[in-house]
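Only one structure is covered here, and it is reproduced in the block below.
Values reported hereafter were calculated over all heavy atoms of this structure, with side chains retained and with hydrogens, waters and symmetry mates removed. In each ligand, atom 1 is the first atom listed, and ligand 1 is the first ligand listed.
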Amino acid sequence: MTETAQQQIHKGLAGVVVDTTRISKVNPETNSLLYRGYPVQELAAQRSFEEVAYLLWYGELPTPEQLAELTAAERAGRALDPVVRKVVDELPTTAHPMDVCRTAASVVGARDSQTEDSSREANLAKALRLWAAMPAVVAYDQRRRRGQDAVEPREDLDYSANFLWMAFGEEAAADVVEAFKVSMILYAEHSFNASTFTARVITSTLADLHSAVTGAIGALKGPLHGGANEAVMHTFEEILAASGGEDLSVRAKSWLDDALANKRKIMGFGHRVYKHGDSRVPTMKASLDKMIEHYGRQDLAELYASLESAMGEAKNIKPNLDYPAGPTYHLMGFDTPTFTPLFVASRITGWTAHIMEQLEANSLIRPLSAYDGPDERHLS
Ligand code: SDX
């Protein structure tokens with residue numbers, strides 16, 4: 001924090017509490033994360049992503065009847081809208097998948113019959129439709145880049161199994177579906193992170209839900225935020241491709257020394273709020289370990305541990321969720337640029353919960369700035 005003549009400046013709003021929220025509690029002291037009071041680890045182990053989506057939106061876990069209604073609506077909304085597909089097909093395959101995601105969210109919004117209705121009832125319905133629609137967009141965008149056609153959704157599969165089905169055109173093994181589900185729950189919500197705060201700023205002007213989500217997708221793309229899971233995989237690929245003998249730990253250490261010497265941020269490490277490690281990492285790492293076992297990639301386990309240990313020794317900075325999430329998605333077969341769109345598909349739940357909460361007691365978000373430009377001067 002720096003001081004001007006009379007004002008304190010909080011760069012990046014670090015440490016600044018701007019509002020209350022009932023949706024999640026990120027606690028760096030206890031290194032914990034609660035969704036509506038429930039530890040995220042318990043939810044990831046015992047509940048479905050559909051149940052967690054309901055919890056974030058409504059504040060309570062669903063009854064069997066409520067879950068059945070949500071599930072039916074989500075499954076009914078999975079098909080790729082032909083107009084969305086047409087727009088996606090107009091975008092070059094050189095466009096980043098996050099730009100495709102952002103564009104698709106905009107098109108879905110422009111076509112939603114309730115776009116201009118920001119009542120809670122309409123926003124709940126829009127949130128569900130957008131949440132249901134995104135997997136088909138992410139899956140199709142990856143397939144079109146591979147020269148493959150879209151795969152129709154299946155109503156007999158749950159959210160995670162269907163997402164994998166649409167992405168790869170085959171039924172994923174149960175342990176792969178479970179690992180994907182865990183990642184969706186862990187990525188769903190994290191209080192006032194940059195993309196969620198972006199959504200709240202946009203909502204505070206009384207702009208609509210899809211405008212707020214489109215802005216949030218833009219914010220999430222950055223490598224300091226959601227784009228880090230993609231960047232982690234680029235780091236792994238750089239190290240795996242580096243020469244310097246077979247010992248991965250030696251290669252990881254020399255890669256890190258060089259990166260730090262060049263003042264590079266090491267993607268997947270550090271966090272603005274957590275300072276003693278990200279509470280979600282152990283759960284995501286356990287899923288990564290299961291995928292390493294499933295696909296027989298012990299080399300990734302060695303690389304993961306070597307870089308983590310070298311970063312701990314060099315900077316005493318611990319991994320965040322993106323560090324185990326990136327290689328997990330890689331092992332599942334997703335193209336690296338698709339990793340952050342997977343984060344989008346999950347975080348739509350958290351973003352839309354915050355959009356609705358912002359509207360409950362709205363105040364236009366408009367901070368001050370301290371002017372340090374030229375003194376007043378005149379043309380003649
Ligand atoms: C997400 O906010 C959320 O909740 C986000 C998220 C969510 O669920 O929504 O958790 C998801 O975005 C996780 C973060 C993903 N980003 C990355 O992995 C990118 C790499 N991380 C860093 O850029 C950094 O750790 C940030 C941006 C995440 C947080 O940085 P801060 O709190 O602004 O701290 P800082 O950048 O001021 O760093 C403090 C010091 C600096 O050293 P000095 O310049 O003071 O000597 O620590 C260093 C930094 O250089 N540092 C790092 C580092 N992280 C901090 N140095 C190298 N590599 C890093 N990763």
Side-chain angles (χ1 to χ4, degrees), residues 1-2 9-18 21 23-28 31-35 40 44 52 56 98 182-200 213 215-236 238 252 255-284 304 307-308 310-327 339-354:
M1 185 166 55
T2 56
I9 292 178
H10 303 272
K11 196 92 177 154
L13 294 180
V16 176
V17 178
V18 293
T21 181
I23 301 169
S24 69
K25 181 176 184 179
V26 179
N27 189 332
N31 195 5
S32 62
L33 170 60
L34 306 177
Y35 288 175
V40 72
V52 169
L56 292 173
M98 280 296 278
V182 166
S183 77
M184 289 290 109
I185 290 175
L186 295 177
Y187 263 138
E189 159 62 14
H190 212 240
S191 82
F192 281 20
N193 59 83
S195 55
T196 297
F197 191 63
T198 300
R200 290 188 77 127
V213 171
I217 294 172
L220 192 73
K221 179 181 177 183
L224 294 189
H225 189 15
N229 61 11
E230 169 184 346
V232 167
M233 203 59 222
H234 292 316
T235 294
F236 275 31
E238 274 184 47
W255 181 90
L256 182 67
D257 291 346
D258 180 63
L260 293 176
N262 286 290
K263 299 283 182 218
R264 286 174 67 177
K265 295 277 190 195
I266 312 307
M267 297 296 135
F269 287 89
H271 199 277
R272 169 59 63 80
V273 179
Y274 294 120
K275 289 308 175 194
H276 307 292
D278 183 327
S279 67
R280 302 162 292 185
V281 166
T283 306
M284 192 68 241
Y304 182 103
L307 186 58
E308 179 183 8
M311 187 64 175
E313 279 165 33
K315 300 280 282 188
N316 190 27
I317 295 176
K318 296 188 184 316
N320 57 54
L321 176 57
D322 293 312
Y323 189 57
F339 293 3
T340 313
L342 297 175
F343 193 159
V344 168
S346 165
R347 189 56 61 93
I348 281 174
T349 57
W351 287 332
T352 49
H354 279 274

Side chains of Y35 and H190: donor-acceptor distance under 3.5 Å anywhere?
->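 There is no such pair (donor and acceptor under 3.5 Å, judged by atom type) between the side chains of Y35 and H190.
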Mind checking what residues have non-hydrogen atoms under 4.0 angstrom from ligand 1?
->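 Those residues closer than 4.0 Å to ligand 1 by some heavy atom are H190, N193, P223, L224, H225, A228, R264, K265, I266, M267, G268, F269, G270, H271, R272, K275, R280, M311, K315, I317, N320, D322, R347.
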So, K315 and E308, do they make that salt bridge, N to O below 4.0 Å?
->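 No salt bridge links K315 with E308.
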Could you tell me whether a side-chain N or O of S346 sits under 3.5 Å from a main-chain N or O of M184, the two making a donor and an acceptor?
->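 The answer is yes, because a donor-acceptor pair under 3.5 Å joins these two groups.
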Sidechain-backbone polar pair: R347 side chain, A188 backbone, donor-acceptor under 3.5 Å =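 At least one qualifying donor-acceptor pair exists.
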Please round to the nearest 0.5 Å and tell me the distance separating atom CD1 of I348 and atom CD1 of I217.
->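 Output value for this atom pair is 6.0 Å.
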Between Y304 and F236, how do the two ring planes meet: parallel, tilted or perpendicular, split at 30° and 60°?
->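 The arrangement is perpendicular - the two ring planes meet at more than 60°.
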